[in-house]
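Some notes on the structure that comes next.
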Amino acid sequence: MFCKASLVIVALGLLASASPVDNEIGTRIPLHKRSSLTNDDGTFNHEKAIEHSVRTHNKYRQNMINLKTNAGDSALNEGAEIKPVAQYHPVEKRQKESLTDESNDLEWAGNIMIGTPGQSFLIDFDTGSSDLWVPSVNCTSTTCSKKHKYNQATSSSDAKQSGSFSIQYGDGSTVSGPEFTETVTVAGVTATSQYFAPVTTLSSSFANDPIDGILGLAYQSISSIGKPPFFNTAFSQGSAKNNVFGFKLAKSGSELYLGGTDTSLYSGTPEYHAVSGSGFWQISNAKALVGKTVAVSGFQTIIDSGTTIMYGPTSAVKTFYKSVPGSKLYDSSNGYYSFPCSSIPSVAFNWGGKNWNVSAANFNLGTTTSGSSQCIGALAGQDLGLGTNVWLLGDSFMKNQYTAFSFAQNAVGFATLV
């Protein structure tokens, strides 16, 4: 969806829990679910999963480029590398199929305002990236035709900057454009002179995606623009009262909370773990459990709201599924595994505190085919270039608990949803 190289790494055990934040201090942003990797008939949407995996691969490829440029080789995880651009070539049926007929849970989006007066955009809030971009009225791509577009001519607070922004996607197209500073408001939290990109080319991979753009919530060191992300600017200017934000991703009542954590949505105190990587919301010393069996241990995990499922290195995920009775490799090219639908595994992750479970519903992406007795798991084995021992935990994990992201502590916290 990664941490500053300069931070002092805290011991791998639990951080002392933060004092509870008054849930009236921060700002709530309702999030709306969009689409799914499971078809309406309960089958696994294999092609959409591949498309999403390619987008995730290329997102993290750009993150690695940005991190190396901004912080140097020493900031990279051991074994990390910049992978070639992954390719995706959709078949004709999928090019014509609308997302609106499918069920929810692929991404969560909310509205933001850019400019003075404000122009509204539907945004994917992404803890796995650090830049803000939306389409420009000068966009030449056909993909922009159905999007809300930023018009600097109608804003009194715009300022064009000297840099440029670009990300390459798997269909050979890009998201690219100039850099501007503007006033950006998210549910009353405002950042002035915020760097962002009103893009003039928009990858066709976003053609069937209802969002207009992306707002990154990770650290500055993985920013393509190389400037403070929105939330960091808002906190430094005093608009966000606490240097922490929280997510609830669920079938109802999904929410991003800026400037604190919404204590009405969880019980107890968040279990915090120190961030251990450069640029990413990455935490160490993880274990993956199947039932009571520790299937894999001692790895790093990146917590990313902008990624749908979970990924791990190919060999580690192969080891994980050895603990799942009846599992077998379903797609060797993309690392998907199947298991008997009649015995969905009990999966959990642990960082030295309690076990944080992944529900059966969130681990099961659907049957391999209509009427099949085999289902697809929401953990895939892929080498994204993040490092030899780094996993990526997206929404399939986050939907099971409240997740807090604390710049104040340089930590990620989990709490039990109510």
| Stepwise side-chain hydrogen bond (donor to acceptor under 3.5 Å, both in side chains) test for Y150 and E182 | CA-CA 11 Å; Y150 169 76; E182 255 293 13; 2.7 Å; yes

If you define the side chain from C-beta out and look only at heavy atoms, does anything of [X] sit under 4.5 Å from [Y]?
| X | Y | result |
| --- | --- | --- |
| N389 | E78 | no |
| V184 | L132 | yes |
| L258 | I29 | yes |
| N364 | I376 | no |
| V199 | V175 | yes |
| K248 | S254 | no |
| N355 | L289 | yes |
| N111 | F121 | no |

Judged by atom type as modelled, is there a donor-acceptor pair below 3.5 Å linking the side chain of [X] to the main-chain atoms of [Y]?
| X | Y | answer |
| --- | --- | --- |
| S276 | Q282 | yes |
| T185 | G188 | no |
| N242 | G259 | yes |
| K149 | C144 | yes |
| K147 | I211 | yes |
| Y330 | Q374 | no |
| Q382 | N334 | yes |
| D131 | S223 | no |
| E179 | S164 | yes |
| T143 | F206 | no |

Give the minimum heavy-atom separation between [X] and [Y], together with the two atoms involved.
| X | Y | answer |
| --- | --- | --- |
| S284 | Q300 | OG-OE1, 3.1 Å |
| V317 | A380 | CG2-O, 3.7 Å |
| Q168 | T174 | CA-CG2, 4.1 Å |
| I309 | S396 | CA-OG, 3.5 Å |
| D124 | G306 | OD2-CA, 4.5 Å |
| P198 | S136 | O-CB, 3.5 Å |

To the nearest 0.5 Å, what is the distance between [atom1] on [X] and [atom2] on [Y]?
| X | Y | atom1 | atom2 | result |
| --- | --- | --- | --- | --- |
| L256 | L217 | CG | CG | 6.5 Å |
| K354 | T416 | NZ | OG1 | 3.0 Å |
| S221 | L67 | OG | CG | 5.5 Å |
| N66 | N63 | CG | CG | 6.0 Å |
| S204 | D209 | OG | CG | 12.0 Å |
| I303 | M398 | CD1 | CE | 8.0 Å |

| query | Looking at N58, D383, L384, which hits side-chain contact (heavy atoms from CB on, under 4.5 Å) with K83? | reply | D383

Look at the aromatic rings of [X] and [Y] and report parallel, tilted or perpendicular, splitting at 30° and 60°.
| X | Y | answer |
| --- | --- | --- |
| F231 | F407 | parallel |
| W356 | F414 | tilted |
| F363 | Y321 | tilted |
| W351 | H273 | tilted |
| H46 | Y336 | perpendicular |

| query | Under the side-chain contact (heavy atoms from CB on, under 4.5 Å) criterion, do Y311 and S53 qualify, and how do the steps go? | reply | CA-CA 9 Å; Y311 298 93; S53 293; 2.8 Å; yes

| said: Please report whether the ring centroid of W133 lies less than 6.0 Å from that of F230. | reply: no

| Does Y257 have its ring centroid less than 6.0 Å away from the ring centroid of F247? |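 No, ring centres 6.0 Å or more apart.
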
| task | Using the side-chain hydrogen bond (donor to acceptor under 3.5 Å, both in side chains) rule, take N410 and Y219 through it: C-alpha gap first, then chi angles, then the decisive distance, then the call. | result | CA-CA 10 Å; N410 283 311; Y219 287 83; 2.8 Å; yes

| task | With side-chain hydrogen bond (donor to acceptor under 3.5 Å, both in side chains) as the test, would you mind laying out the steps for N357 and N400 before giving the verdict? | result | CA-CA 7 Å; N357 298 317; N400 303 277; over 6 Å; no

| field | Ion pair check, R28 and E255, cut-off under 4.0 Å | value |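 Salt bridge present between R28 and E255.
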
| message | Looking only at the side chains, is there a donor atom on one of T201 and S176 sitting less than 3.5 Å from an acceptor on the other? | response | yes

| message | side-chain contact (heavy atoms from CB on, under 4.5 Å) for T43 and T38? Distances and angles first, verdict last. | response | CA-CA 6 Å; T43 57; T38 307; over 6 Å; no

| Which is it for K318 and Y337 under the side-chain contact (heavy atoms from CB on, under 4.5 Å) test, yes or no, and what are the steps along the way? | CA-CA 9 Å; K318 181 179 180 180; Y337 285 76; 3.5 Å; yes

| Residues L37, T308; criterion side-chain contact (heavy atoms from CB on, under 4.5 Å); working and verdict | CA-CA 8 Å; L37 299 184; T308 303; 3.9 Å; yes

| task | Go through F397 and F349 one step at a time and tell me if the ring pair (Phe, Tyr, Trp, His ring centres under 6.0 Å) criterion holds. | result | CA-CA 9 Å; F397 172 75; F349 290 87; 5.7 Å; yes

